[in-house]
Amino acid sequence: HADISGTIPKEVAGMKHLDTFEAFSNEGLHGTLPAALGDLASLTSLKVHHSSLTGPVPSTLGSLSKLREVLMDYTTISGDMPSQLCALRTKGDLIALTAPCTSKNPLVSCSCCTGCRG
């Protein structure tokens, strides 16, 4: 992990050959996951767990057919897990999907997550 603070800029979408986005264990990382992440067609791994990210999971992530793992647990991301992302889990392409979907009042409603933590 790197010591990152601030938000994920939407310009990250210009990094067309990026296959791994790892910004985990960065409490200084805040804001929302930009929908522009869905433009990263080569992305196989998105790791933003243990950060201060908030807001919904962009449905655009469901268009990333090479995506194998999405780790978003121990964040304050909230809402319903997009059906497009769950479809990748159902097809078996997406192997690991974690989110803060545990407890009496889960932040994320997720029927397809492989792990619910934080």
Side-chain angles (χ1 to χ4, degrees):
H1 82 95
D3 190 20
I4 298 173
S5 63
T7 60
I8 301 171
K10 64 182 179 211
E11 290 81 11
V12 74
M15 303 173 78
K16 298 293 182 191
H17 300 289
L18 185 69
D19 64 356
T20 302
F21 186 93
E22 293 186 358
F24 59 92
S25 296
N26 285 289
E27 293 300 323
L29 183 63
H30 61 274
T32 60
L33 285 170
L37 288 173
D39 294 334
L40 300 174
S42 297
L43 198 66
T44 60
S45 178
L46 175 63
K47 296 179 182 178
V48 294
H49 53 296
H50 293 276
S51 69
S52 297
L53 290 171
T54 62
V57 177
S59 61
T60 55
L61 293 180
S63 67
L64 300 176
S65 61
K66 295 182 180 180
L67 203 54
R68 299 296 173 259
E69 63 180 346
V70 177
L71 307 180
M72 301 177 289
D73 46 318
Y74 298 101
T75 65
T76 51
I77 288 172
S78 59
D80 293 332
M81 189 61 66
S83 59
Q84 299 89 333
L85 204 50
C86 286
L88 291 179
R89 274 280 307 131
T90 302
K91 287 178 21 185
D93 296 333
L94 184 60
I95 298 165
L97 176 60
T98 64
C101 50
T102 188
S103 79
K104 291 179 186 173
N105 297 307
L107 295 175
V108 173
S109 174
C110 184
S111 62
C112 63
C113 284
T114 59
C116 293
R117 298 180 289 274

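Residue indices begin at 1 and follow the sequence shown. Below, each value reflects all heavy atoms present in this structure, side chains not excepted, and no hydrogens, waters or symmetry copies.
Closest of all the heavy-atom pairs between L64 and L40 is CD2-O, 3.1 Å. In terms of heavy atoms, P100 sits closest to G118 at CB-O, 3.4 Å. Residue L29 comes nearest to T7 through the heavy atom pair CD1-C, 4.3 Å, listed as atom of the first residue, atom of the second, then distance. The two residues G38 and S63 come nearest to each other via the heavy atoms O-OG, 3.4 Å. Considering every non-hydrogen atom in both R68 and D93, the closest pair reads CD-O, 3.0 Å. What you find for P34 and P9 is that their closest heavy atoms are CG-O, 4.3 Å.
Between S45 atom OG and L18 atom CG the span is 9.5 Å, to the nearest 0.5 Å. Remark: S78 OG to L53 CG distance equals 11.0 Å, nearest 0.5 Å. A distance of 10.5 Å separates CE of M72 from OG of S51, quoted to the nearest 0.5 Å. Between atom OG1 of residue T44 and atom CG of residue D19 there is a gap of 4.5 Å, rounded to the nearest 0.5 Å.
Residues R89 and M81 have side chains not in contact (no heavy-atom distance under 4.5 Å, counting atoms from C-beta outward). Within the 4.5 Å cutoff, the side chain of D39 has heavy atoms near those of the K16 side chain. Within the 4.5 Å cutoff, the side chain of L37 has heavy atoms near those of the L61 side chain. Using a 4.5 Å cut-off on side-chain heavy atoms (C-beta onward), L46 and E69 make no contact. With a 4.5 Å cut-off on side-chain heavy atoms, I8 and L33 count as touching. Looking at T54 and T32, their side chains come closer than 4.5 Å, going by heavy atoms from C-beta outward.
Between the side chain of T114 and the backbone N or O of L97, at least one donor-acceptor pair lies under 3.5 Å. No donor-acceptor pair closer than 3.5 Å links the side chain of S52 to the backbone N or O of T75.
C113 has its SG atom 2.5 Å or further from the SG atom of C116.
Ring centroid separation for the pair Y74 and H49 does not come in under the 6.0 Å cut-off.
Tested against K47, the residues T98, V70, L71, T20 include a single side chain to side chain contact (heavy atoms under 4.5 Å, CB included) partner, L71. The one candidate from D73, T76, I77 that meets the side chain to side chain contact (heavy atoms under 4.5 Å, CB included) condition with V108 is I77.
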